[in-house]
2 protein chains.
Amino acid sequence: MRLTHLADYAVVMMTAAARREPCARLSATDLSQDTGVPLPTAQKLMQRLAAHGLLVGHRGAGGGYALARPVGEITLADIVEAVEGPFAMTVCSEGRTDCALDAHCRVKPHMGIVGDKVRGALGAVSLQELAQ
Amino acid sequence: MRLTHLADYAVVMMTAAARREPCARLSATDLSQDTGVPLPTAQKLMQRLAAHGLLVGHRGAGGGYALARPVGEITLADIVEAVEGPFAMTVCSEGRTDCALDAHCRVKPHMGIVGDKVRGALGAVSLQELAQ
DNA sequence: CCTAAATCGGACTGGAAAGCTCCGATTAGA
DNA sequence: TCTAATCGGAGCTTTCCAGTCCGATTTAGG
């Protein structure tokens, strides 16, 4: 029950962005230098965060990314979900039924509820709190 | 943010044990047949669960495992923590400081709190609820 | 006392997913 | 129109997890 390195990096980068001016243009290079995250990795992460609507990208010279929403409306759950995928405690919660235990499993109906609880715990932490 | 297969298997096995009589002797073979978990994997999991005080092992002929506590006093958090290790969102929360971002990281102090929240969410679910 | 059954502990192999890097496509500014 | 800086996707290497096997230890029963 721990975050992947990519999700950890994403949280660090988003908090670094939250400390800047709102709507400021942030390039992947800028955040890479601020946080220490390797540049190619930072690029890949910002792509995913933009694809999930947490950042908006502006291309071309002078472009970069900007927070899509106010810092109070972006939660830890949003960031983790953008990088790691949906909060499913088990693979069978995602619709996949290729589980060898599926026939005898009596726990499956409860796992969706558990996932929601975990998501609620992370959803209660906003970027504003993380940035102090 | 998902459980490993081993933790998933452990939850299924513990719920299967919870449906038996309290204090019943359960061998790894029994639970393996009931749940469909491969026998060697079941053995390894029960070792870990016993090492963390969730099961008590009885060696020798007629031996087996039994739940160490009533089903209402064993939570999902206990099981996951026994198999996956402590609830640390990041490696730096466990005391390791070999993180390249450590110097600039301003999020580290908050991660311990986040881990506690997640643990609380899983700690609110007891074996009794999972077994219906 | 002896046999048999079952747990405990370790080390080893295979496989999947994460993590990192490089290269092409697109766009704004001069 | 040309240049420069960025977004976006594809590929590869590496690390960690999952599964398996073996031997050692212990206890109940005949």
Side-chain angles (χ1 to χ4, degrees), chain A residues 1-10 12-13 24-33 35-66 68 80 82-85 88 90-91 94 96 98-101, chain B residues 1-13 17 24-33 35-66 68 80 82-85 88 90-91 94 96 98-101:
Chain A
M1 184 57 59
R2 67 184 52 173
L3 266 45
T4 62
H5 281 174
L6 285 181
D8 185 16
Y9 289 169
V12 173
M13 291 174 60
R25 292 290 174 84
L26 299 166
S27 68
T29 306
D30 294 335
L31 283 182
S32 172
Q33 293 176 348
T35 59
V37 176
L39 178 57
T41 302
Q43 289 179 344
K44 194 171 190 62
L45 283 173
M46 297 178 87
Q47 286 175 25
R48 293 195 196 180
L49 292 169
H52 285 79
L54 300 180
L55 295 175
V56 284
H58 297 274
R59 308 177 70 160
Y65 292 94
V80 174
V83 177
E84 292 191 350
T90 57
V91 288
E94 294 180 310
R96 295 175 58 185
D98 57 347
C99 173
L101 286 60
Chain B
M1 183 56 58
R2 67 184 53 174
L3 267 46
T4 62
H5 280 176
L6 286 181
D8 183 16
Y9 289 170
V11 173
V12 173
M13 291 173 60
R25 294 289 175 84
L26 299 167
S27 69
T29 306
D30 294 335
L31 283 182
S32 172
Q33 294 177 345
T35 59
V37 176
L39 178 57
T41 302
Q43 290 177 343
K44 196 170 190 60
L45 282 173
M46 296 178 89
Q47 287 176 22
R48 292 196 197 180
L49 292 169
H52 285 78
L54 300 181
L55 295 175
V56 285
H58 298 275
R59 307 176 67 161
Y65 292 94
V80 174
V83 176
E84 292 191 351
T90 57
V91 289
E94 295 180 309
R96 296 174 57 185
D98 56 347
C99 174
L101 285 60

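As a basis for the values below, the full set of heavy atoms in this structure was taken, side chains included, without hydrogen atoms, waters or symmetry mates. On a predicted model such as this, the values are computed, not experimentally measured, just so you know.
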- Task: For atom NE2 of B/His5, decide whether the heavy atoms of other residues, nucleotides or ligands shown that lie under 6.0 angstrom number more than 12.
- Result: no

- For DNA chain D, find the residues of residues 36-58 of chain B with a heavy-atom distance under 4.0 Å and give them by number; none if there aren't any. B/Pro38, B/Pro40, B/Thr41

Calculate the interatomic distance between [X] atom [atom1] and [N] atom [atom2]; express it in whole Å.
X	N	atom1	atom2	answer
B/Gln33	C/dA6	CD	P	11 Å
B/Arg25	D/dT26	CZ	C1'	13 Å
A/Tyr9	C/dA18	OH	P	15 Å
B/Asp8	D/dC17	CG	P	16 Å
A/Arg2	C/dA17	CZ	C1'	16 Å
A/Glu84	C/dA17	CD	P	14 Å

- Item | Side-chain N or O of B/Thr4 closer than 4.0 Å to phosphate OP1/OP2 of D/dA18 | yes

- Message: For D/dT6 and A/Tyr65 - does any side-chain N or O of the residue sit under 4.0 Å from the phosphate oxygens OP1/OP2?
- Response: no

- Message: Checking B/Ser27 now: which residues fulfil side chain to side chain donor-acceptor pair (under 3.5 Å) with it, not counting sequence neighbours?
- Response: B/Asp30

- Note on the structure: Sorted by chain and residue number, the side chain to side chain donor-acceptor pair (under 3.5 Å) partners of A/Glu84 (sequence neighbours excluded) come out as A/Thr4

Please write out each protein N/O paired with an N/O of nucleotides 25-30 of chain C under 3.5 Å, distance rounded to 0.1 Å.
from, atom 1, to, atom 2, distance (Å)
C/dT26, O4', A/Arg59, NH2, 2.9

Reported [atom1]-to-[atom2] distance for the pair [X] and [Y], which is rounded to 0.5 angstrom:
X	Y	atom1	atom2	answer
B/Met1	A/Arg2	CE	CZ	11.0 Å
B/Met13	B/Leu31	CE	CG	5.0 Å
A/Tyr65	A/Arg25	OH	CZ	12.5 Å

- Sequence neighbours excluded, the answer for side-chain contact (heavy atoms from CB on, under 4.5 Å) partners of B/His52 is B/Ala82

Return all side-chain donor-acceptor pairs below 3.5 angstrom for residues 36-50 of chain B, not counting sequence neighbours, or 'none' if the list is empty.
from, atom 1, to, atom 2, distance (Å)
B/Arg48, NH1, B/Val83, O, 3.0

